[in-house]
Amino acid sequence: MRSYIIHIDGDAFFASVETAKRPWLKGKPVVVGGDRGIASALSYEAKAKGVTRGMPVFQIRKICPDVIVLPSDYDLYALYSKRIMHIVRRYARIVEAYSIDECFADLTEPLDTSLSREDIVRKIAKDVEEELSLTVSIGLADTKVLAKVASKRNKPRGVTILEEGDREEFLKTTKIGSVWMIGSKTAAKLSGLGIFNAWDFSVQPLHWVRAHGNRPMEEIWRELRGESVYKVKEEAKEDQQSISRTQTFRPNSNDPRKLLSELSKNLENACIKARALDILPTRVSFFLKTESFAYRGTEFELEHPTNLPHQIMSRIEALFWTLFDKRILFRTTGVRLSGMMPSAQIQEDLFGSGVIRTQEKSIFECIDAINWKYGRHTISLLSSLSVYKHEENNQFLYDMKRLQLVYLGQVS
DNA sequence: TCTGGGGTCCTAGGACCC
DNA sequence: TCTGGGGTCCTAGGACCC
């Protein structure tokens with residue numbers, strides 16, 4: 001049976017959400033990313049003036065003096081993202097949130113059979129625009145790979161319906177490197193074999209594909225030929241495989257206390273996420289990146305899975321010294337939690353150390369609630385403290401004053 | 001392009017075992 | 001013991017995505 005898959009892609013998503021929230025910005029060049037000093041997203045108006053992603057703000061102002069620069073507000077974008085998915089669910093049984101600004105939906109068996117699939121696609125676009133003041137581009141095709149390429153074709157605000165008869169022309173005008181999951185390495189390899197567009201690739205015989213590629217390449221090949229291999233799937237929260245938090249700081253440092261508090265902060269943030277998802281890691285890895293971009297990392301197993309940072313931090317501290325070298329300057333640290341288990345699966349023994357962990361869990365439930373209400377890092381681990389002290393825009397001390405926190409001693 | 005941050009999955013090759 | 005073959009498990013690293 002033929003399958004019908006749509007890919008929905010938000011147009012200039014972050015900038016558009018900002019504009020939806022502040023309608024007076026409509027039609028103006030908007031750049032998001034002021035908090036980091038470089039553009040992480042931009043409106044079409046800004047793009048038209050020559051602004052590119054990654055461009056420093058001072059340079060943007062030079063070429064585009066009337067630019068509006070805004071800090072990124074991830075929580076807001078996540079909210080709009082959910083609203084879009086919510087609209088899509090009116091029409092499709094299965095919706096896969098692929099990233100914050102993209103989703104797939106399976107329209108093989110639509111909820112409303114009185115509408116054609118093309119009508120549904122246009123209705124989704126219309127609903128989003130009317131209800132959220134955002135525009136999306138949508139591709140409808142037989143497979144995820146084709147739908148994804150199709151949604152890119154007529155951006156912004158474009159609907160692209162790919163029928164079997166259009167496929168050849170469509171794939172001939174699709175560069176091989178712009179096919180989903182064919183990156184620069186594979187594209188270079190394929191060009192070396194005389195393959196320059198998606199059509200060239202899709203018409204190779206199976207034995208050729210097997211001779212020159214691995215399994216993923218064969219799957220992409222099938223998808224381009226209209227054979228659906230990748231299914232649209234709802235992602236459950238607890239399916240998340242890993243959580244990582246990394247951060248580059250300036251200037252580079254060889255101060256072990258600085259590096260340890262950076263690690264501690266990253267660990268805390270990763271644990272906050274793990275608690276929000278209610279999952280527990282069984283493995284932890286962390287790394288230091290040197291100024292010359294070399295990684296030094298290590299990994300360890302947790303005897304008791306936990307998402308409470310202080311239980312993990314002591315292990316990191318102990319292993320830290322095997323990676324650290326005071327003759328080397330470091331630029332980035334990162335922490336990754338993996339081997340996830342749903343917390344419901346872990347049964348604490350209710351005697352001995354299990355009791356302590358259960359008590360600590362409730363302490364962190366309070367901390368999460370306070371941080372949710374008053375902002376990130378209103379309460380944080382002492383081991384992370386020096387990071388916040390050193391941050392220029394000192395949000396931490398600001399919150400300290402505002403909340404008048406009293407130091408009650410260390411909870412060990 | 002002097003290089004941010006958060007993910008997933010695959011594979012080659014070593015360690016270990018029979 | 002220097003010698004074959006086969007299997008599993010694990011890890012590091014690569015490739016890809018947004």
Side-chain angles (χ1 to χ4, degrees), chain A residues 7-15 32-42 52-57 59 71-72 74 77-78 81 96-104 137 144-145 147-149 151-152 155 176-190 213-220 223 229-230 233 235-237 239-250 252 262 265-267 269-274 276-277 279 281-287 289-301 323 329-340:
Chain A
H7 179 252
I8 298 144
D9 197 332
D11 298 324
F13 188 65
F14 292 2
V32 174
D35 45 333
R36 285 199 297 125
I38 57 163
S40 62
L42 26 131
T52 57
R53 277 191 54 176
M55 190 180 275
V57 170
Q59 201 179 333
S72 47
Y74 222 77
Y77 312 145
S81 177
E96 175 180 341
Y98 177 67
S99 75
I100 195 154
D101 66 336
E102 290 176 39
C103 66
F104 290 98
S137 295
K144 285 172 91 172
V145 169
K148 183 114 158 74
V149 184
S151 71
K152 267 196 287 191
K155 252 180 164 317
I176 190 66
S178 59
V179 173
W180 185 37
M181 290 186 297
I182 294 188
S184 59
K185 304 279 179 186
T186 308
K189 181 177 163 182
L190 289 172
N214 48 16
R215 208 181 72 189
M217 197 192 271
E218 182 180 326
E219 290 169 351
I220 296 162
E223 287 255 322
V229 179
Y230 301 127
K233 56 180 192 301
E235 284 290 324
K237 291 254 184 194
D239 285 351
Q240 183 149 352
Q241 304 296 309
S242 72
I243 296 168
S244 66
R245 288 294 181 271
T246 71
Q247 198 146 38
T248 300
F249 42 84
R250 302 187 94 151
N252 296 340
E262 286 287 339
K265 180 183 69 173
N266 286 327
L267 173 64
N269 289 335
C271 284
I272 287 168
K273 175 78 174 182
L277 298 175
I279 52 180
T282 59
R283 302 188 66 78
V284 177
S285 62
F286 67 99
F287 70 84
K289 186 155 61 164
T290 70
E291 60 177 346
S292 49
F293 289 83
Y295 284 85
R296 303 182 156 214
T298 187
E299 193 172 13
F300 59 89
E301 201 115 3
L323 307 177
L329 287 171
F330 296 93
R331 68 182 337 259
T332 308
T333 74
V335 173
R336 193 168 91 104
L337 310 178
S338 60
M340 297 300 186

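This is a predicted model, so every value here is computed, not measured.
Picking from dG7(B), dC18(C), dC10(B) the nucleotide with the shortest atom distance to the side chain of Asp101(A) gives dC18(C). Nearest nucleotide to the side chain of Arg215(A), out of dC10(B), dC9(B), dA15(C): dC10(B). Here dC16(C) is the nucleotide among dC16(C), dG5(B), dT11(C) with the atom lying nearest to any side-chain atom of Lys185(A).
Using a 4.0 Å heavy-atom cutoff across all strands shown, Ile243(A) reaches sugar-phosphate atoms only and no base atom. Contact annotation for Val179(A): backbone-only contact, meaning every heavy-atom pair under 4.0 Å involves sugar-phosphate atoms and none involves a base. Using a 4.0 Å heavy-atom cutoff across all strands shown, Lys148(A) reaches sugar-phosphate atoms only and no base atom. Note on Tyr295(A): nothing from the nucleic acid sits closer than 4.0 angstrom, heavy atoms only. Residue Ile182(A) is classed as a sugar-phosphate contact, given heavy-atom separations below 4.0 Å to backbone atoms only. Among the atoms of the strands shown, none is found under 4.0 Å from any heavy atom of Ser40(A).
A sub-4.0 Å separation between OP1 or OP2 of dG4(B) and a side-chain N or O of Arg331(A) is present. Distances shorter than 4.0 Å separate none of the side-chain N or O atoms of Arg336(A) from OP1 or OP2 on dG6(B). When the side-chain nitrogen and oxygen atoms of Ser244(A) are compared with OP1 and OP2 of dG5(B), none of them lie within a distance under 4.0 Å.
Looking at Ser137(A) and Asp9(A), their side chains never bring a donor and an acceptor atom within 3.5 Å of each other.
By the neighbour-count criterion of 12 heavy atoms within 6.0 Å, atom NZ of Lys273(A) is sparsely surrounded, having that number or fewer from other residues, nucleotides or ligands.
When each of Ile38(A) and Lys233(A) is assigned the nucleotide of DNA chain B bearing its nearest heavy atom, the one mapping closer to the 5' terminus is Ile38(A). For Glu219(A) and Arg245(A), each mapped to the nucleotide of DNA chain B holding its nearest heavy atom, the one lying further toward the 5' end belongs to Arg245(A).
Taking the six-membered ring where tryptophan is involved, the planes of His7(A) and Phe104(A) are tilted, since the angle between them lies from 30° to 60°. Ring geometry for Phe13(A) against Tyr77(A) counts as perpendicular: the plane angle is over 60°, on a 0 to 90° scale with 30° as the lower cut.
Judged by distance alone, with hydrogens and angles left aside, the side-chain atoms of Glu102(A) form no donor-acceptor pair with the main-chain N or O of Ile100(A) at under 3.5 Å.
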